[in-house]
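Chain A is the first sequence line, chain B the second, and so forth, proteins listed ahead of strands; every chain is numbered from 1.
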Number of protein chains: 2
Amino acid sequence: MVYTSDYPIFSVTVDVVALTISSDTLCALVVRRGEEPHRGRWALPGGFVHVDEDLAPAAERELLEETGVRVDALEQLATYGAPGRDPRGRTVSVAHLAVIPWAPEAQSGSDAADVEWRPVTTLLRSRQLAFDHRTILADGVERARSKLEYTNLATRFVPELFTITELRAVYDVIWGSELDPGNFHRKVVSGTDGFVEETGERRVGGAGRPARLFRTGPAASLNPPLTRSGQMRGPRR
Amino acid sequence: MVYTSDYPIFSVTVDVVALTISSDTLCALVVRRGEEPHRGRWALPGGFVHVDEDLAPAAERELLEETGVRVDALEQLATYGAPGRDPRGRTVSVAHLAVIPWAPEAQSGSDAADVEWRPVTTLLRSRQLAFDHRTILADGVERARSKLEYTNLATRFVPELFTITELRAVYDVIWGSELDPGNFHRKVVSGTDGFVEETGERRVGGAGRPARLFRTGPAASLNPPLTRSGQMRGPRR
DNA sequence: ACAAAAGTGTTGAGCGTACACCCATGG
DNA sequence: CCATGGGTGTACGCTCAACACTTTTGT
């Protein structure tokens, strides 16, 4: 089919920065490109928006088609539309952020040669990403970092039932911090009401005293926020 | 000219939420539509992106062309792409936020029948805006509100040289607060270094002790942030 | 009993709100 | 002189980082 228009033609694509934590490392989902341009390089999952489709559903669909990863909610990040960002023509890409609990094994998808979770530090250090996807990834990671402060975003990195220590691990991995376990526990549990909800259950099996299991509470925003700077572990000076 | 494409055709537009403060009221810039659809209704300034043009420059250009308002920096807000949001066809709009110092008189532009600064409360209460521009405006105002907390955005609502009281008025108008003059002064001047810079000059003419004049400092982010909840004027209980 | 992890108590420093009060100008 | 707005001083209360300590399990 060939489409025609009186106005300049743009293709609109969606790209997804899908983040998770795998073996104490923040990882992003990338697919190896099977076609030109940038054949063989890694790229964020994404693709063209259909004519009758809204942006967020398109992002969900592309993520599922290319990687097999299903996600319920995903948040718009920003839109990238520099002329020349895609050699095939004028495309505008609406980037989205998706957070995936813990470390699900990457599944191969339909129209991508290869799918992998790779550490973001590696992806950002090198130039292995196609198009302007390195910029998009960097923006997505920065967004996640700052949303940890004042939203319950961290709870979306852990399974449905989680311990406070697991939640703290999310902060430590993403911020590169080493938060004080005691203070963190208090802030999260008693601080802002509804951030986490206690289930009656406890985690069994691990060493030491069994931890209580929580689930995500109704409160989406944290008051007061958790701070990146303060609350580090270290000598009192 | 007629354009053709193998992919679904989108038109990409930019819309601008331009905010300023006029007689103690937060106002947005709107243009009266001279053409169908929505002829005669108010709309945010905006229009189609050119083929070889990046998004932010397109927004600046449209703002200038339609309203005569020139702006240097403007920030991307979000992208709106629901099918059916524009009856002419499938359009995706990238919304931007612009902040204009104080109250410049609205100038008439070239291809808009009428241009006006109107209070955002009025615009948001009624359904007088075309397309989904009411949603876009609401999102833009909310963004401004929250960026006052942790960035120097407030300084862009005032002239190049301003007094601390004028800066406080920006917060009071946009937040609907009544911040304590003394505490605000201290927080802004001594608190975060570089938020505002002292010029040697003073404001002459007004009643009372002449106020020192400041200009915007280099620091773009506020540490610690100004809080919306705290610092109100009111009885100690 | 011991190790290990979860969770609680405590304390001192620092910050922010709510004011009281002084300063500098115009009328 | 007074009125008006600019700006500083200060005290009380609260929060929070630091870290000691208790609790609860596995081995």
Side-chain angles (χ1 to χ4, degrees), chain A residues 24 149-150 158 161-172 175 177-193 195-214 222-237, chain B residues 24 149-150 158 161-172 175 177-193 195-214 222-237:
Chain A
D24 284 345
E149 292 187 4
Y150 58 94
V158 291
L161 297 186
F162 55 88
T163 67
I164 299 298
T165 300
E166 288 167 349
L167 192 65
R168 178 165 45 81
V170 172
Y171 283 87
D172 282 344
W175 283 352
S177 54
E178 230 179 303
L179 303 176
D180 181 281
N183 294 333
F184 182 85
H185 188 276
R186 234 179 327 229
K187 265 186 164 171
V188 165
V189 170
S190 61
T192 167
D193 39 12
F195 179 25
V196 296
E197 262 176 11
E198 189 156 1
T199 70
E201 305 170 70
R202 293 161 170 274
R203 171 76 83 221
V204 292
R209 173 175 171 177
R212 289 189 267 219
L213 283 171
F214 294 80
L222 272 48
N223 229 283
L226 261 19
T227 58
R228 246 190 275 198
S229 42
Q231 216 213 43
M232 297 294 191
R233 238 199 185 313
R236 190 176 261 173
R237 181 178 15 159
Chain B
D24 283 345
E149 293 187 3
Y150 58 94
V158 291
L161 297 186
F162 55 88
T163 68
I164 299 298
T165 299
E166 288 167 348
L167 192 66
R168 178 164 47 82
V170 173
Y171 283 87
D172 282 344
W175 283 351
S177 54
E178 231 179 301
L179 302 177
D180 182 281
N183 294 333
F184 183 85
H185 189 276
R186 233 178 326 224
K187 267 185 161 170
V188 164
V189 169
S190 62
T192 167
D193 39 11
F195 178 24
V196 297
E197 262 177 10
E198 189 156 0
T199 70
E201 305 170 68
R202 292 161 172 273
R203 171 77 82 221
V204 292
R209 173 174 169 178
R212 288 189 267 220
L213 284 172
F214 294 80
L222 272 47
N223 228 284
L226 259 21
T227 59
R228 247 189 272 198
S229 42
Q231 215 211 46
M232 298 291 191
R233 238 201 184 313
R236 192 176 264 175
R237 182 177 14 157

- prompt: By salt bridge (Lys or Arg N to Asp or Glu O under 4.0 Å), which residues pair with A:Arg209, not counting sequence neighbours?
  reply: none
task: For A:Phe214 and C:dA6, give me the distance from atom CZ to atom C1', rounded to whole Å.
output: 10 Å
query: Can you name the residues that form a salt bridge (Lys or Arg N to Asp or Glu O under 4.0 Å) with B:Arg202, not counting sequence neighbours?
result: none
message: Can you see if the side chain of B:Thr227 gets near the phosphate of C:dT17 - specifically, an N or O under 4.0 Å from OP1 or OP2?
response: yes
Check: D:dG5 base within 3.5 Å donor-acceptor of B:Arg203 side chain: no
field: salt bridge (Lys or Arg N to Asp or Glu O under 4.0 Å) against B:Glu197, all qualifying residues, sequence neighbours excluded
entry: none
Could you list, one pair per line, each protein nitrogen or oxygen that sits under 3.5 Å from a nitrogen or oxygen of nucleotides 1-3 of chain C, together with the distance?
none

- prompt: Contact class for A:Thr165 (heavy atom, under 4.0 Å): base, sugar-phosphate, or nothing?
  reply: sugar-phosphate
message: Can you list everything that forms a salt bridge (Lys or Arg N to Asp or Glu O under 4.0 Å) with B:Glu201? Sequence neighbours excluded, please.
response: none
message: Rounding to an integer number of Å, can you tell me how far A:Asp180 CG sits from C:dA5 P?
response: 15 Å
field: Exercise: identify the closest heavy-atom pair between A:Thr199 and A:Leu161
entry: CG2-CD2, 3.8 Å
task: Mind calculating the distance between NE2 (A:His185) and P (D:dT23) to the nearest angstrom?
output: 16 Å
- request: Please state how far atom CG in B:Asn183 lies from atom P in D:dG9, giving the value in whole angstrom units.
  value: 13 Å
- line: When rounded to whole Å, the CD1 to P distance for the pair B:Ile164 and D:dG6 reads 10 Å
- prompt: What integer distance in Å separates A:Phe184:CZ from C:dG9:P?
  reply: 19 Å
message: Determine whether a donor-acceptor pair (one donor, one acceptor, N or O, separation below 3.5 Å) exists between the side chain of A:Arg212 and the base of D:dT23.
response: no
- request: Write down the distance between NZ (A:Lys187) and C1' (C:dG7), rounded to a whole number of angstrom.
  value: 17 Å
query: Which residues pass the side chain to side chain contact (heavy atoms under 4.5 Å, CB included) test with A:Thr165, sequence neighbours left out?
result: A:Thr163, A:Arg168
- prompt: With a 4.5 Å heavy-atom cut-off, do B:Ile164 and B:Arg212 have their side chains touching?
  reply: no
- request: Please state how far atom CZ in B:Arg168 lies from atom P in D:dG5, giving the value in whole angstrom units.
  value: 11 Å
- prompt: Any donor-acceptor pair under 3.5 Å between the side chain of A:Arg209 and the base of C:dA6?
  reply: yes
message: Is it the case that D:dG9 (base atoms only) and B:Arg186 (side chain only) share a donor and an acceptor within less than 3.5 Å, ignoring hydrogens and angles?
response: yes
- prompt: On DNA chain D, nearest-nucleotide positions of A:Gly182 versus A:Arg202: which is more 5'?
  reply: A:Gly182
